[in-house]
Structures are given as structure tokens and as C-alpha cells.
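These notes are about the structure you will find just below.
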Amino acid sequence: MLPDFSRYQRADMIWLALITFALLALGIGFRAPWPADEPRFALIAKDMVESGQWLFPMRGNELYPDKPPLFMWSIAVFYALTGSLYVAFLLPSAIAGTVTVLAVFDICRRLWGSREAWWAAGLLLASVQFVLQAKSAQIDASVCMWVTLGCYGLLRATLCHNAHAGWWLAGCVAMGLGIMTKGVGFLPLLMLVPYAIACWRKRPEQSLPQQYGWLWWPTGIVVMLLALLLWLWPMLNAVDSAMDPAYSAYRDNIMMKQTVTRYANSWHHIKPFWYFVASVVPWAWLPLVVLIPWQWRHWSAAWKANDARILMPLGFVLLVLLFFSLSPGKRGVYILPALPMLALAMAPAMPHIADKKGVSRILWALPLLIGLGLLVVGLLGFVDKGPLAKMNLRYAIDGSGVVFATGAAVLLALFMLRHRSGWQAWGITMLVVWCSYSVAFASLLNPVRTPSSVWQNIDSAVPVNAEIALLDTGEQFMLFARRPIVHFGYHTPPEAEMYAAWKWLEAHKDGYVLLPSTKQSPCFDLSKGQSVGTAHREDWLLLGPQAMLGQCQRPEFTPDTFRYVPINPLIK
């Protein structure tokens, strides 16, 4: 039987929580929500607090059916508590990342010991994709937390000392909340496959894994569905009571199109089967991916010994990769939930391979390449050459100094650590890079990744009571709006949106239309538009009634018109 680590001191967990949260929360307050996803979630959360309507996510008074509401609720709670969206929109991801690290640390310590647990937490915090997503207000860090907690419950129920099926039920509650965050919250169920294989291969002398009666796993699925009903049941009742086609469409979209249809017949982000393995894992899972050759011998031994402590998390990683590779639509963030279990599967072997010369050389070479690359790119940027010159031109900024300083800081830190291990070199390099990314780059890019300057110019150009119709602008313009705005739907085709704006302006002679200068328009004379500045790599034009052409062809589809009056405009 495994040793009982349930009485370990709490000091380790407290210190780990403080260190992790300090790293992941660094930079909160330095920037606003950035496109593409962050302004959408922040806008919905802000509207929930200000309108008091929390059940249905609303995007500028339009129902938003693409994601369940739990992540938006979490932002809304912190917005209500802090009164600052600049603080609230990033806090859920930082907290989710911290909880994920603590869960991996705790289960590893219970399965192996304290030394291995610190390795598991360290591997996760050293990985590029994990920290990057925990510093973003995308939905994936929260999904990763719920999936990890689901895996934690299954592992505690089957592999730990004094295992109890109640932990499996707790993990199923986490899965239900994960589905309430994003449809793939059920992913921990995939771990039942390597669990079943380990049970089938179990030898009489083995005490692992714990087995229960056959009812335990379907009972867990029922519990998962009951947790999901905490949101689903009132939502379905509200839809039935509303008797509104828009709410019925919301229900059908959120329950089918954004889950089953999105997976089986995705309509965007189409990538080949090998996309994750070939294009995402090699950089996103650094430095874990470079350790696989040294881990292979230990994983082979675990397979021969039928060690479920390795087989279950490692099998989960492989199944998650396969699951998302089978879908035609792919984004790099989809495989993030596999990363904590990969760190768990790698941790037991780390005390044996960490000091290998090959490992140390690779972990020194990567930081040196990062530092030298940043230094060279920064130097080239000073003379308007190289990739940074294109970024400076695209965003109308000069990031050469920040990039050069970051590279110089990395190389200086490496020089001071020249007699230390490769792990210390990688750790200090990532610390420098994340500090620069969270503070310097955030402050540098924030003015050009928000439309606040465009709204300032609009306020100076038109009367304060004039309404603005938005065309092809995205949620960031709604989030920073300082006056009533009009839009024509999230998924409206461009030609229908253009016609709707033309008809709206025809009926509202004191209004204006805002659109990018590059947009082709059969309904407006763009030469009569007024430039109101640059944002998001576009020059923006404000069109009044004088810019309307005599006629505009009516499309087959006529969209709805949504009017949104912002409360407490996001100004900083």
C-alpha cells in the first residue's frame, strides 16, 4: 500500500500558492482586454453586473451562444467585488492556474512524495503554454483547472492511500462545472480508458489500482450531469417561458452547434490531423517536450510494471491529443488540459534525469538561443530591419528597446548563473521573459490594442448625443464605447450588415457609422468619411448621412438591430 501523505505540513502548499499566484498575476492592471476573445468575455461580464441579468450572456444586448456562462460569471464576480474591469478580467485565469498547480502538486505528493511533487509543480510552471494561458483572459485556463480537478478526483479515488469513491464523485462535479465553462469539461472521462487497462493487466501481488463495483462510474456521470443542471435547468426553463425565437436559437446553439457540430464538422480553424504534434507541442510544451527521450525508459518500465500512477496520466495525455486531432477544427489552446497530467507523469523520473548532461545542455542551449535571439532582433529593430521592424510598422510603435532590454537581461542572468544547472538557467530565463511580457510589453502594446483613442477622437468630432452604428469592429469597440451604439449581430454576413447600417442611417439622420477604411462598401461613399484614428491595425472612418449612396441592394437576410447603452464606460 502507498504511504499516507495526508498529514504533510501546509507550509509547502501555502508557499507554492503564493509563488504561483505572484507569477501568474504579475501585470494585472497594466493592460485592458485585448482581441480577439478577451474583450468579448469582459464585455459580457460587465453587462451582467450592470444589468443584473446573469443567466444569459449578452453581447451588446444580443444573446451570445458560443460559450456557457461560468467563465463570464467569474469575471463578473471579481468586477462586482473590485469595481475595476482592468483587475477583474485577468484574475480568474491567474486563480485557475494557481489551483491547477496546487492540484498537481498535491496528487503527486500523495502518489510519490514531496520531492516529486515539487518537480511536478515546477515542470508545469516552467512550461510555456501553461503560463501564457494563465496570463490571458481566455477561457482555456479555467477549463484546464476543472479538467485537472476531475483527473485529481479519479486519481485520488483509485490510487491513493485510503482511496474512496467519493473523490471520484467530487471529480465529476468538477467535470460538470468544466462543461459549464466550455463543452470539453468532460475530458477526465478519457482517463477511465487507461484505468480500465491497468485493472485488466493487474497482477495478484499489485495493490493498485483500487476497484469498485460497476455502478461507481455511471453514478459519477449522473453526478456530473446534476452539477451541469445547476445552470442548464434554469436556462431551459427560462427559454421555455420566454417563448422567443432568439432564446430558442440560443438554446439550440449552445447545446448542439457549439458542442457536437463544432467538434464533428467544424467551420473554422481547419488544420490537418498532425497539427498539434507538429506545430503546437514543439514550442508550447517546452521544456517538457525535450525531456521525452530521457523519460521513455521510465515510462517503458512503468508499462511493464503496470504502474497505474504513470499509465493513467500518461494515457490521458495521449487520448486528449488523439481526441482533438480527430476534429477538423484545431487551435493550439485545445490541448492545454493535457499539460498538467504530462507534468505529473514526468515528475517521478525527474530526480534521476534532471542532472543528465544531455538534459542540462539542452536547457542551457534554449535560454541562450532565446536571449541571443531577442538581443539580435532588438538590435535589428533599431535600424528598421528584421521581424521587429514589421511589428513596429504594423502597430505604429517602437518595441526595439523592450526586446533588446529583455534579451540583454536574459544573457546577463545566464552569465551570473553560468556555473548552475540547466534548470536554473531555464527558470530565470522564463522569469525574465514573463516579467517583460506582463509589464513592459503590456504597457507598450496597450494603446494600440484598444480603441480608446478612436473613441476620444469620435467624442471630439460629433455631438455627445449622436449614436454610432458599428460595422466590422468587434467587441473591443463596444467595451470602450462612451455613448449609445448600434450593431447588427455577431454572425451577420458582411453584405447584410452593410445594408442594415445603411437603412439605420437612413432613419437616423443624426447618427453615424464607424467602419474600417479598408472595407468595401456598395452602400457608402468612403471618400466622404472622416478619419478618427488608428486601432487594431486599421484606419477607422466615421460616416454621416452625406456619405450614403442613393441606393443599397437588399440582401436575402435582414439582420436584427441591437442598441447598447454603456454604463460606466471603460476609460483608462
Side-chain angles (χ1 to χ4, degrees), residues 15-16 18-31 34 90 93-94 97-98 101 121-136 282-290 354 359-449:
W15 277 111
L16 179 61
L18 292 174
I19 292 169
T20 302
F21 185 74
L23 172 64
L24 302 183
L26 178 66
I28 289 180
F30 281 86
R31 69 175 181 90
W34 289 350
L90 284 172
S93 292
T98 303
V101 170
L123 287 170
L124 195 52
L125 284 173
S127 60
V128 173
Q129 188 182 44
F130 179 79
V131 179
L132 180 62
Q133 288 304 310
K135 286 181 165 292
S136 303
W283 68 268
W285 286 9
L286 283 173
L288 279 66
V289 67
V290 300
V359 172
S360 185
R361 287 171 180 169
I362 290 178
L363 292 177
W364 262 103
L366 290 173
L368 281 172
L369 288 173
I370 292 172
L372 288 172
L374 292 172
L375 193 72
V376 171
V377 169
L379 285 172
L380 290 173
F382 286 131
V383 294
D384 292 329
K385 302 291 184 181
L388 197 59
K390 296 179 181 179
M391 190 194 83
N392 292 343
L393 181 63
R394 176 188 300 174
Y395 291 108
I397 59 172
D398 187 359
S400 305
V402 174
V403 174
F404 177 82
T406 304
V410 168
L411 293 177
L412 178 61
L414 293 177
F415 176 77
M416 296 176 66
L417 293 173
R418 61 190 181 277
H419 300 304
R420 300 300 182 94
S421 70
W423 283 105
Q424 290 173 306
W426 178 265
I428 196 65
T429 297
M430 287 294 99
L431 183 61
V432 171
V433 169
W434 291 128
C435 288
S436 179
Y437 169 83
S438 304
V439 179
F441 273 102
S443 301
L444 181 69
L445 291 174
N446 199 56
V448 296
R449 299 217 68 189

field: Approximate separation, where rounding is to 0.5 Å, of Ile28 CD1 and Leu90 CG
entry: 5.0 Å

query: Are the side chain of Ser93 and the backbone of Ala134 linked by a donor-acceptor contact shorter than 3.5 Å?
result: no

task: Answer yes or no: is there a side-chain heavy-atom contact under 4.5 Å between Leu445 and Trp34?
output: yes

- prompt: Checking side chain to side chain contact (heavy atoms under 4.5 Å, CB included) for the pair Trp434/Leu24: CA distance, chi angles, key distance, verdict?
  reply: CA-CA 9 Å; Trp434 291 128; Leu24 302 183; over 6 Å; no

query: Looking only at heavy atoms, which two atoms of Ala121 and Val101 are closest? And how far apart?
result: CB-CG1, 3.9 Å

statement: Nearest heavy-atom contact between Thr98 and Ala94 is OG1-O, 2.9 Å

query: Does the pair Leu379 and Phe404 meet the rule for a side chain to side chain contact (heavy atoms under 4.5 Å, CB included), with working shown?
result: CA-CA 6 Å; Leu379 285 172; Phe404 177 82; 3.5 Å; yes

message: Could you report the tightest heavy-atom contact between Ala440 and Val402, atom names first, then the distance?
response: CB-CG1, 3.8 Å

message: Taking side chain to side chain donor-acceptor pair (under 3.5 Å) as the definition, give me every residue that meets it alongside Ser438, ordered by chain and number, with sequence neighbours left out.
response: Lys135

Leu286 side chain near Ser127 side chain, heavy-atom distance below 4.5 Å: no

- request: Mind running side chain to side chain contact (heavy atoms under 4.5 Å, CB included) on Leu431 and Leu23 for me, showing each step along the way?
  value: CA-CA 8 Å; Leu431 183 61; Leu23 172 64; 4.2 Å; yes

query: Who are the side chain to side chain donor-acceptor pair (under 3.5 Å) partners of Thr406, not counting sequence neighbours?
result: Ser436

- prompt: Trp426: what forms a side chain to side chain donor-acceptor pair (under 3.5 Å) with it, not counting sequence neighbours?
  reply: none

statement: Closest non-hydrogen contact found for Ala425 with Ile428 is O-CG2, 3.3 Å

query: Going through the checks in order, is the side chain to side chain contact (heavy atoms under 4.5 Å, CB included) test met by Leu26 and Cys435?
result: CA-CA 7 Å; Leu26 178 66; Cys435 288; 3.5 Å; yes

message: Once side chain to side chain contact (heavy atoms under 4.5 Å, CB included) is applied, do any residues pair with Gln129, and if so which ones, sequence neighbours excluded?
response: Gln133, Val280, Ala284, Trp285, Ile335, Leu336, Leu339

field: Shortest non-hydrogen separation from Leu363 to Pro287 and the atoms involved
entry: CD2-CB, 3.7 Å

- line: In short, side chain to side chain donor-acceptor pair (under 3.5 Å) pairs touching residues 359-382 with sequence neighbours left out are none

message: When you compare the side chain of Met430 with that of Ile370, does any pair of heavy atoms fall below 4.5 Å?
response: yes

- prompt: Which residue pairs pass the ring pair (Phe, Tyr, Trp, His ring centres under 6.0 Å) test when at least one of the two sits in residues 406-425, sequence neighbours left out?
  reply: Trp119-Trp423

query: Any idea which heavy atoms bring Phe30 and Ser443 closest together, and the distance?
result: CD2-OG, 3.5 Å

query: CD1/Ile19 to CG/Leu125 distance, rounded to the nearest 0.5 angstrom?
result: 9.0 Å

- prompt: In Å and rounded to the nearest 0.5 Å, what is the CG to OG1 distance from Leu368 to Thr429?
  reply: 7.5 Å

- prompt: Do Val410 and Leu372 touch side chain to side chain, with heavy atoms closer than 4.5 Å?
  reply: no

